[in-house]
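Below is one structure, written out as structure tokens; comments come after it.
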There are 2 protein chains.
Amino acid sequence: MARPRSFDPDDVLEIARQVFWQKGFQATSLDEITAASGVAKPSLYAAFGDKNALFLKVLDRYHDGILGWAERVLVQPGSARDAIRQWLIGFIPYCSGEKGQRGCLSVNSLTDGSLDQAAVRKSIERYNRRLEDLLRARLRADRAEFSRGFDPDITAHTIMVVHAGLMALAHQTPDSKRVKAVIDQVMQLLA
Amino acid sequence: MARPRSFDPDDVLEIARQVFWQKGFQATSLDEITAASGVAKPSLYAAFGDKNALFLKVLDRYHDGILGWAERVLVQPGSARDAIRQWLIGFIPYCSGEKGQRGCLSVNSLTDGSLDQAAVRKSIERYNRRLEDLLRARLRADRAEFSRGFDPDITAHTIMVVHAGLMALAHQTPDSKRVKAVIDQVMQLLA
DNA sequence: TTTATTCTGTACTTGATAGTATAGAATGGA
DNA sequence: TCCATTCTATACTATCAAGTACAGAATAAA
């Protein structure tokens, strides 16, 4: 029995994500989000809270999206090798070429010294922990694939490091072939 | 025949580096650098130019420091394996524990979307290129160490990716043992 | 149609910061 | 001692962004 909201919050989060992703948290003003979304500041504040809270919602949404996809890919039947390889290959469009230039919102935020808000750190830590858990679980489950000395725990972490490195260097717009070659080489560790 | 400068520019660059490194470019105000260095803004502007120029000088100085060290370590006698291993091991104090929390100034700047100033990109690209060149040159020179299928070029790039990944994840203050385990595992690729 | 309620848009306040004007201080030479 | 020159410190301006007050618009129920 009141005036309904004139925008879809999820649409605005999607637009805000693009702006934050492109320019980073600090450099993004709410006026830019207003301009991009057509939603004025008071409505943004009413719907999402202040700038920090809005960013946190955007980041969580971003994490959920990637985690959902990872859960699907990393649990598929077949060998652990193939599942993990496919998972890494799936990042290539996002860490090479023009599109890769923005890198990964999560890695960008992690390396942003101005974002020491505890909540942002927590969100990223949780995200990384869950990804690594998925990798480790799969490697442990299919341990029979690998040689005797194989260590699923360290390997899971190494893959996380490689993933973060690819996303960091994505800002230099590497060629997708180059990225693929790195992934192929790292996959040698799963043996 | 005029009043001499009352500060050593190199000292100020060192202090500015610490502040920029801790908080990032955007979040660092010149007032903070003034407070940390004791040098007032007009003197900073006279000596270094505006904030962008100051940051660029800081970043170049940072790059030169690491490159100097890399040149020494990566050219030392013995096997390429040992040289590269030692080089990676040398980063451990900077990408683990309390001290590692700030990460790497170069990686942090690379992933900072607000820093699309061409000059900063160039500086980082040049730095990464020179590091990768050093790695590649050493791997090529000692190719005899490795098996027939070994590819020095891709391996050099993979090491750069791992390096960037370690520096990105450094912000989560990993245990140094964990970092060392990753390095040990990646060194398996040099065989 | 009226009304309570919630949303929206304009315009404002407040605070922070990049960059600078200007006056005065410190130096080496005449 | 005095002066030309260059540096320094205070204080200022201008700009920009976060957050908000308030008036008016839109809805559903009565």
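Chain letters run A, B, ... following the sequence lines, proteins first, then strands; residues in each count from 1.
- Across all strands shown, A/Thr34 has no heavy atoms under 4.0 Å from either base or sugar-phosphate atoms.
- In this structure the side chain of B/Gln185 reaches within 4.5 angstrom of the side chain of A/Leu189, judged on heavy atoms.
- Sorted by residue number, the members of residues 44-62 of chain A with any non-hydrogen atom under 4.0 Å from DNA chain D read A/Tyr45, A/Asp50, A/Lys51.
- Counting heavy-atom neighbours within 6.0 Å of B/Tyr94 OH, excluding the residue itself, gives a total of 12 or less.
- In this structure, CG of B/Leu30 is placed 16 Å from C1' of D/dA9, rounded to the nearest angstrom.
- Looking only at distances, no side-chain donor or acceptor of B/Asp142 sits under 3.5 Å from a matching main-chain atom of B/Ser79.
- Projected onto DNA chain D by closest heavy-atom contact, B/Phe7 and B/Lys41 fall at different nucleotides, the more 5' of which corresponds to B/Phe7.
- Just one of B/Ser123, B/Ser106, B/Ser109 meets the side chain to side chain contact (heavy atoms under 4.5 Å, CB included) condition when paired with B/Tyr62; it is B/Ser106.
- In this structure, the nucleotide among C/dG19, D/dA18, C/dA21 sitting nearest to the side chain of A/Ser29 is D/dA18.
- Remark: P of C/dG15 and CG of B/Asp31 are 16 Å apart, rounded to the nearest angstrom.
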What nitrogen or oxygen pairs link the protein and nucleotides 24-26 of chain D at under 3.5 Å?
residue	atom	partner	partner atom	Å
D/dA25	N3	A/Arg3	NH1	3.0

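- Residues A/Asp184 and A/Arg85 are paired through a salt bridge, judged by an N-O separation under 4.0 Å between the basic side chain and the carboxylate.
- Contact check for A/Leu13 versus A/Leu54: side-chain heavy atoms found under the 4.5 Å cut-off.
- The interatomic distance linking A/Ile33 (CD1) with D/dA18 (P) rounds to 8 Å, in whole Å.
- A/Arg140 and A/Glu145 are not joined by a salt bridge, as no carboxylate oxygen comes within less than 4.0 angstrom of a charged side-chain nitrogen.
- At D/dC7, none of the side-chain N or O atoms of B/Ser6 fall inside 4.0 Å of OP1 or OP2 (strictly under the cut-off).
- A salt bridge links B/Arg17 to B/Glu14: at least one charged side-chain nitrogen sits closer than 4.0 Å to a carboxylate oxygen.
- At least one side-chain nitrogen or oxygen of A/Ser43 sits closer than 4.0 Å to the OP1 or OP2 atom of C/dT8.
- The residues A/Arg136 and A/Asp133 are annotated as salt-bridged, a charged nitrogen and a carboxylate oxygen being separated by less than 4.0 angstrom.
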